[in-house]
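Residue indices begin at 1 and follow the sequence shown.
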Amino acid sequence: IHNTCPSPYSSFPPSQGSALDTAGMIGGSLFSYTNCIDASKNLISNMNNLFNKVSNSRCESCSTGNSTLDAGSTAVMDVREYKCSEGKCANIESMLFIEEWYGLLKCFRDDASCILDGENARRGIKVYGTKSSTSANTLTIQAVTFKNGEADNGGGIYIGDQATADIHLCVFLKCRSTNTNSFGGGGAIYSIQSVVNIYGTS
């Protein structure tokens, strides 16, 4: 049993690999078992694609993605750096603004090699609500590096408005808050009126 994609047994026929034999192949691929998916579905390969898939906020100052995923979906980022200078972003404060949406946003590999680079100008993600503050409606962000993020509150991620979020295997690198007041801050993560669970993150 394993928790990596692709399966460490991916070079073997299913009968020889315990995980493949247990879980079976998905869509004819060699990706199997926990958190593994058919990579041909919802695979995100550039900043415009990422923005259009997950940035759904309709705030007054926001741009909104044109093909956002349904709630409960999984979006998988290809291994690369994502920058606003190379594609569309939500607004001048956030690369992505996710509002009232829950599901899984993850890197194709579990080593945080998918990088949201704020270029010292924006935070990586702003999250506003996840439809309800229950474990069933959780936004999970997995194996993403937040790099050079900068914002007033939450240089990496801002989580608010009764959102429930799980942060798994993420890395925060050179992220900072520009807020100098006693209320606010959060170089890596800023959370207000929300539930945030953090696992294996640095």
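Side-chain contact between Q142 and L105: absent, with no pair of heavy atoms (C-beta onward) separated by less than 4.5 Å. By the 4.5 Å heavy-atom criterion applied to side chains, D166 and Y199 are counted as neighbours. With contacts defined as side-chain heavy-atom distances shorter than 4.5 Å, the pair N49/M77 does not qualify. Proximity of I189 to I198: side-chain heavy atoms (C-beta onward) are separated by under 4.5 Å at one or more points. Looking at C59 and N91, their side chains come closer than 4.5 Å, going by heavy atoms from C-beta outward. When side chains are defined from C-beta on, K106 does not count as touching V144, because their heavy atoms never get closer than 4.5 Å. Residues K174 and E150 are not in side-chain contact: their nearest non-hydrogen atoms beyond the backbone lie 4.5 Å or more apart.
Between K53 atom NZ and T74 atom OG1 the span is 12.0 Å, to the nearest 0.5 Å. Rounding to the nearest 0.5 Å gives a distance of 5.5 Å between OG1 of T145 and CD1 of I115. In this structure, CG in L116 is found 12.5 Å from CZ in R122, a value given to the nearest 0.5 Å. Going from atom CG of N46 over to atom CD of E81 covers 14.0 Å, rounded to the nearest 0.5 Å. Note that OH of Y102 is 11.5 Å distant from CG of L139, once rounded to the nearest 0.5 Å. A distance of 5.5 Å separates SG in C114 from OH in Y82, rounded to the nearest 0.5 Å.
Put simply, V54 and M47 are part of the same group of oily side chains (I, L, V, M, F, W, Y) that touch within less than 4.5 Å, one to the next. A chain of hydrophobic side-chain contacts below 4.5 Å, direct or via other Ile, Leu, Val, Met, Phe, Trp or Tyr residues, connects L69 to I125.
Shortest non-hydrogen contact noted between C107 and A143 is CB-O, 3.0 Å. Across C170 and I141, no two heavy atoms sit closer than the pair SG-O, 3.6 Å. Minimum heavy-atom separation, F108 to D78: CB-CA, 4.5 Å. Scanning both residues, C89 and S63, for their nearest heavy atoms gives O-CB, 3.9 Å.
Panel note: side chain E119, backbone C84; a donor-acceptor pair is recorded below 3.5 Å. Checking side-chain atoms of W101 against main-chain N and O of S57 turns up no donor-acceptor pair under 3.5 Å. No donor-acceptor distance shorter than 3.5 angstrom exists from the side chain of S194 to the backbone of S191, with no hydrogens or angles considered. Not one N or O on the side chain of S85 forms a donor-acceptor pair closer than 3.5 Å with the backbone of K83. For N148 (side chain) and D117 (main-chain N/O), no donor-acceptor pair under 3.5 Å exists by modelled atom type. Of the possible donor and acceptor atoms, none in the side chain of S113 sits under 3.5 Å from a partner among the backbone N and O of D111.
Every residue meeting the side-chain contact (heavy atoms from CB on, under 4.5 Å) condition with T68, not counting sequence neighbours, appears here in chain and number order: N56.
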Requested in this report: Might you work through the salt bridge (Lys or Arg N to Asp or Glu O under 4.0 Å) test for K126 and E99, ending with a clear yes or no?
Outcome: CA-CA 8 Å; K126 186 170 186 176; E99 187 170 8; over 6 Å; no
Report task. Could you give me the CA-CA distance, side-chain angles and deciding distance for V127 and L96, then say whether side chain to side chain contact (heavy atoms under 4.5 Å, CB included) is met? Result -> CA-CA 8 Å; V127 180; L96 305 171; over 6 Å; no
Report task. Take E86 and R80, measure what salt bridge (Lys or Arg N to Asp or Glu O under 4.0 Å) needs, and give me the verdict at the end. Result -> CA-CA 12 Å; E86 299 175 354; R80 57 160 296 159; 2.9 Å; yes
Requested in this report: Report the C-alpha separation of I44 and V76 in whole Å, then their side-chain angles, then the decisive distance to 0.1 Å, and conclude whether the side chain to side chain contact (heavy atoms under 4.5 Å, CB included) test is met.
Outcome: CA-CA 6 Å; I44 293 165; V76 183; over 6 Å; no
Query raised in the report: Going through the distances and angles, do T201 and V171 end up as a side chain to side chain contact (heavy atoms under 4.5 Å, CB included)?
Result: CA-CA 6 Å; T201 290; V171 174; over 6 Å; no
Please tabulate, one pair per line, all N/O donor-acceptor pairs under 3.5 Å involving side-chain atoms of residues 151-161, not counting sequence neighbours.
| unit_1 | atom_1 | unit_2 | atom_2 | d |
| --- | --- | --- | --- | --- |
| D152 | OD1 | R123 | NH2 | 3.2 |
| N153 | OD1 | N179 | ND2 | 2.8 |
| N153 | OD1 | G185 | N | 2.9 |

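Classification of the F97-Y128 ring pair by plane angle, with boundaries at 30° and 60°, yields perpendicular.
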